[in-house]
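We number each residue from 1, following the sequence as shown.
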Amino acid sequence: MHIAEGFLPPAHAVAWGVASAPFVVHGARSLVRDVREHPESTLLLGASGAFTFVLSALKLPSVTGSCSHPTGTGLGAILFRPPVMAVLGTITLLFQALLLAHGGLTTLGANVFSLAVVGPWAGYGVHRLLRRYGVPLMGAVFCGAFVADLSTYCVTSVQLALAFPDPGSGFLGALGKFGSIFAVTQIPLAVSEGLLTVLVMRLLVQSSKGELTRLGVLVTSAAGGKRAESAEAVAR
C-alpha cells in the first residue's frame with residue numbers, strides 16, 4: 001500500500017525521508033549519466049516509468065479497509081538497475097500523491113523507501129542471483145518481479161509496525177498483524193505481477209533485442225565459450 005497522507009508520526013515521516021534521500025540523489029546522477037551516454041534508451045526508460053505508474057496506481061480493496069496494488073518496479077530494475085528506479089519510483093509516487101491522492105507528501109519518504117528503494121534492489125538482486133546460477137531469463141524475471149512486489153509490502157509492514165506497535169506484544173505483534181493483513185491480497189498480486197512482467201519482457205525480447213543486449217539483460221554469444229542466448233531461446 002501507499003501509506004496515506006498524515007498517517008505516520010512526524011518523526012517517522014522525517015526519518016524515512018532522510019533514509020530515502022541518498023538513494024534518490026544517487027539514482028538521479030545515474031539516470032542523467034545513462035541518458036547522456038545512451039539517448040536511444042529514453043523511450044524504453046519512459047516505458048519502464050509508465051509501467052510502474054500504471055500498475056502502482058491500481059488500488060484494489062484489501063481487508064480491514066486497506067488497499068493493495070502491484071508495484072511495477074521489477075521490470076525497470078532488471079532493465080536499468082535499481083538506482084534509476086529510485087528516481088522513476090519517486091516521480092511516480094509524487095505524481096500519484098498530487099494527482100490521485102494516492103499516498104501523500106508527508107509520507108513520500110516512507111513510500112519511496114519501500115517501493116522505489118527496497119523493492120527494486122530486492123527484485124534485481126534475486127534476478128541477478130538466479131541468472132548467475134543458470135536460471136532461464138523468464139524464470140529469473142518472474143522471481144525478480146515477484147520479490148520486488150512482495151518486499152515492498154514487507155517493508156511497509158515494518159514501517160507501520162514501528163509507528164504503531166501493538167499495546168500488548170509491541171513491534172513484533174504489530175508486524176505480524178500488518179503482514180498477515182497484506183498477505184491475503186498481496187501474494188496473489190505479486191504472482192500476477194510476475195506473470196505480467198514476463199509477458200512484457202517477452203515482447204521486449206522480440207522487439208528490442210539489441211537494446212536488451214546493450215543493457216546486459218540478454219547475453220550474446222561468441223567465441224571463447226561464453227553462453228549464447230537467442231531471442232527464441234530466452235522467450236521459451
Side-chain angles (χ1 to χ4, degrees), residues 17 19-57 70-96 108-109 111-132 137-138 140-149 151-152 193-194 196-222 226-227 229 231 234-235:
S20 300
F23 294 95
V24 178
V25 172
H26 172 61
R29 292 176 177 173
S30 298
L31 178 60
V32 171
R33 182 178 64 249
D34 289 351
V35 170
R36 285 178 177 173
E37 294 177 355
H38 303 285
E40 68 277 10
S41 296
T42 304
L43 184 61
L44 187 56
L45 190 65
S48 299
F51 185 76
T52 299
F53 183 90
V54 171
L55 287 194
S56 60
T71 64
T73 59
L75 178 65
I78 292 170
L79 293 175
F80 293 103
R81 309 297 189 269
V84 171
M85 280 311 301
V87 179
L88 296 183
T90 299
I91 294 172
T92 292
L93 289 166
L94 182 60
F95 272 87
Q96 289 175 348
L108 183 63
N111 291 328
V112 165
F113 194 82
S114 61
L115 186 142
V117 175
V118 175
W121 274 108
Y124 176 76
V126 167
H127 173 265
R128 292 293 296 174
L129 181 65
L130 293 178
R131 293 295 282 155
R132 179 173 297 179
L137 176 62
M138 296 307 165
V141 167
F142 172 83
C143 292
F146 175 86
V147 170
D149 181 299
S151 62
T152 295
E193 181 174 341
L196 179 60
T197 306
V198 167
L199 176 61
V200 173
M201 186 64 76
R202 284 181 181 272
L203 296 175
L204 291 176
V205 166
Q206 295 174 6
S207 63
S208 306
K209 181 182 177 183
E211 185 66 12
L212 295 186
T213 301
R214 186 191 67 77
L215 291 169
V217 178
L218 296 182
V219 180
T220 55
S221 75
K226 289 188 177 181
R227 182 162 50 94
E229 287 182 327
V234 297

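Closest approach of Ser56 to Thr92, counting heavy atoms only: OG-CG2, 3.6 Å. Nearest approach of Leu108 to Leu94, heavy atoms of both residues: CD1-N, 4.0 Å. For the residue pair Ala116 and Gly89, the shortest heavy atom distance occurs at CB-CA, 3.8 Å. For Met85 against Ala77, the heavy-atom pair with the smallest separation is CG-N, 3.3 Å. Here the closest heavy-atom approach between residue Val217 and residue Ile78 is recorded as CG2-O, 3.7 Å. Scanning both residues, Thr152 and Ser114, for their nearest heavy atoms gives OG1-O, 3.1 Å.
With hydrogens and angles ignored, the 3.5 Å screen pairs a side-chain donor or acceptor of Thr42 with a backbone N or O of Pro39. The main-chain N or O of Gly72 is found under 3.5 Å from a side-chain atom of Thr52 such that the two form a donor-acceptor pair. Listed for the Ser20 side chain is a donor-acceptor partner under 3.5 Å among the backbone atoms of Gly109. Put simply, the side chain of Gln96 gets close to the backbone of Phe53: a donor and an acceptor are under 3.5 Å apart.
In this structure Arg214 satisfies the side chain to side chain donor-acceptor pair (under 3.5 Å) test together with His38, Ser41, Glu211, sequence neighbours excluded.
Between Leu137 and His127, some side-chain heavy-atom pair lies under the 4.5 Å cut-off. The shortest side-chain heavy-atom distance between Val25 and Arg29 falls under the 4.5 Å cut-off. At a threshold of 4.5 Å between non-hydrogen side-chain atoms, the residues Val200 and Phe51 count as touching. Asn111 is not listed as a side-chain neighbour of Leu115, based on a closest heavy-atom distance of 4.5 Å or more. Leu215 places a side-chain heavy atom less than 4.5 Å from the side chain of Leu44. Two residues are said to be in side-chain contact when any heavy atoms from C-beta on lie closer than 4.5 Å; Ser48 and Phe80 meet this criterion. At least one side-chain heavy atom of Arg36 sits under 4.5 Å from a side-chain heavy atom of Val32. At a threshold of 4.5 Å between non-hydrogen side-chain atoms, the residues Leu55 and Leu196 count as touching.
Here the straight-line distance linking atom CG of Leu31 with atom NE2 of His26 works out to 11.5 Å at 0.5 Å rounding. Taking CE from Met201 and OG from Ser208, the interatomic distance works out to 10.5 Å, rounded to the nearest 0.5 Å. With rounding to the nearest 0.5 angstrom, the CG atom of Leu212 is 5.0 Å from the CG atom of Leu218.
A perpendicular orientation is assigned to the rings of Tyr124 and Trp121, their planes being inclined by more than 60° (bins at 30° and 60°).
Screening Val87, Leu88, Leu79, Asp34 for a side chain to side chain contact (heavy atoms under 4.5 Å, CB included) with Leu45, the sole residue that qualifies is Leu88.
Residue-environment remark: CG (Leu203) exceeds the threshold of 12 foreign heavy atoms within 6.0 Å.
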